[in-house]
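Just so it is clear, the values below take in all heavy atoms, side chains as well, and ignore hydrogens, waters and symmetry mates. Whatever order the structure lists them in is the order used to number ligands and atoms, beginning at 1.
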Amino acid sequence: MKTVVSIGGSVLVPDLDAGRVAEYADVVESLAAAGHDLGVVVGGGPTAREYIGAARSLGANEGELDQLGIDTTRLNARLLLAALDEDLASPTVPTNYEEAAESLHRDRVVVMGGVVPAQTTDAVSAALAEYVDADQLVFATSVPGVFDADPNEDPDAERYEEMTAGELVELVARGESLGSAGSNAPIDLLAAKVIERSGIEAIVLDGTDPGSVGRAVLDDDFEGTRITPDHD
Ligand SMILES: Nc1ncnc2c1ncn2[C@@H]1O[C@H](COP(=O)(O)OP(=O)(O)O)[C@@H](O)[C@H]1O
Ligand SMILES: O=c1ccn([C@@H]2O[C@H](COP(=O)(O)OP(=O)(O)O)[C@@H](O)[C@H]2O)c(=O)[nH]1
């Protein structure tokens, strides 16, 4: 079984807490021990946002800001690697999908961050899952799934238990056409489109408790949103 897990920066490193990173490493190791080959993609979190904010005020352009974000995601990838059993995980952080796929041939676990400007690690996770023909893709984020409105803004927002990739694309695109790019779903448009075209099974869940990722992958036990291929 090949699984890609996207760990949002907001859940891996909401602050620099080594204990939380160790908990995530334990989950990754338990999944590897259960026979999963794992591609883990790590986000930038508040550190990325702080660096980007500071560099923006210093006059950096958007591409330069994205590169700072990418560097931060790779820093977080290294942090997770520091906690992982070195016999399981590839010791380097791949900078592209080819390297990641190569590492996954050799090792049970590969951990990476961003790849190129103008996207987020949501898209990296989806593209990695597609590239390595993963069986499933898990988004561990700060909200318990995809809702019909931002649950942090609208107390009446309702969670989708299940939706097709096409419905996810529509939901995200609707927000972008309103000019609120990236703010109307926990997954961005590029990621949603890659999920749609690859037909990969994906789930979105609250990763605040790292154990929830383990239960979802090992026992299919989770509260969140299941994203299914458009055509069976
Ligand atoms: N329709 C929606 N369903 C779920 N979350 C949404 C929706 N619209 C916006 N959001 C926002 O998406 C964000 C996803 O998590 P985020 O904090 O960006 O985590 P990550 O670190 O995983 O990228 C949340 O802050 C949530 O408020
Ligand atoms: O392939 C990538 C991955 C990330 N980023 C930049 O790095 C930031 C942090 O990544 P992400 O948003 O995925 O982190 P998270 O939301 O999980 O904290 C993004 O906003 C982008 O600016 C990028 O340009 N390309």
Give the atoms of ligand 1, by number and element, whose distance to some non-hydrogen atom of [X] is under 4.0 Å.
{"X": "Phe147", "answer": "1 (N), 2 (C), 3 (N), 4 (C)"}
{"X": "Asn152", "answer": "24 (C), 25 (O), 26 (C), 27 (O)"}
{"X": "Gly8", "answer": "20 (P), 21 (O), 22 (O)"}

To check you understand the geometry: which heavy-atom pair defines the closest contact between [X] and [Y], and what is its length?
{"X": "Gly207", "Y": "Ala140", "answer": "CA-CB, 3.9 Å"}
{"X": "Pro186", "Y": "Val204", "answer": "CG-CG1, 4.2 Å"}
{"X": "Leu12", "Y": "Val21", "answer": "O-CG2, 4.1 Å"}

Hey, are the side chains of [X] and [Y] touching, using non-hydrogen atoms and a 4.5 Å cut-off?
{"X": "Ile187", "Y": "Ile227", "result": "yes"}
{"X": "Val11", "Y": "Thr141", "result": "no"}
{"X": "Val40", "Y": "Val28", "result": "yes"}

Relative to [atom], which among [options] owns the nearest non-hydrogen atom?
{"atom": "atom 15 (O) of ligand 1", "options": "Ala48, Gly45, Ser142", "value": "Ser142"}
{"atom": "atom 10 (N) of ligand 1", "options": "Asp150, Ile7, Val143", "value": "Asp150"}
{"atom": "atom 4 (C) of ligand 1", "options": "Gly145, Ala185, Gly207, Ala157", "value": "Gly145"}

*Set of side chain to side chain contact (heavy atoms under 4.5 Å, CB included) partners for Glu64, sequence neighbours left out*: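 With neighbours one apart ignored, the set is Ala60, Asn61.
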
Determine whether the side chain, the backbone, both or neither of [X] has a heavy atom under 4.0 Å from any heavy atom of ligand 1.
{"X": "Ser10", "result": "both"}
{"X": "Thr141", "result": "both"}
{"X": "Ser6", "result": "neither"}

_Going by side chain to side chain donor-acceptor pair (under 3.5 Å), name the residues that satisfy it together with Asn96, two or more places apart in sequence or in a different chain._
Glu99

*Are the side chain of Thr120 and the backbone of Asp122 linked by a donor-acceptor contact shorter than 3.5 Å?*
yes

*Anything with a heavy atom under 4.0 Å from ligand 2 counts, so go ahead and list those protein residues by chain and number.*
Gly8, Gly9, Gly43, Gly44, Gly45, Ile52, Asp66, Gly69, Ile70, Thr73, Gly114, Val115, Val116, Pro117, Ala118, Gln119, Thr120, Thr121, Val124

_Polar contact flag for Leu171 and ligand 1 (N/O pairs, less than 3.5 Å)_ =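 The answer is no, given that Leu171 and ligand 1 share no N or O pair closer than 3.5 Å.
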
*4.0 Å heavy-atom contact, Ala149 with ligand 1*: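 It does, in that a heavy atom of Ala149 comes within the 4.0 Å cut-off of ligand 1.
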
_Asp107: which residues meet the salt bridge (charged side-chain N to carboxylate O under 4.0 Å, His left out) condition with it, sequence neighbours left out?_
none

*Report the C-alpha distance between Val111 and Leu84 in whole Å, list the side-chain angles of each, state the deciding distance to 0.1 Å, and finish with yes or no for side chain to side chain contact (heavy atoms under 4.5 Å, CB included).*
CA-CA 10 Å; Val111 185; Leu84 283 168; 3.7 Å; yes

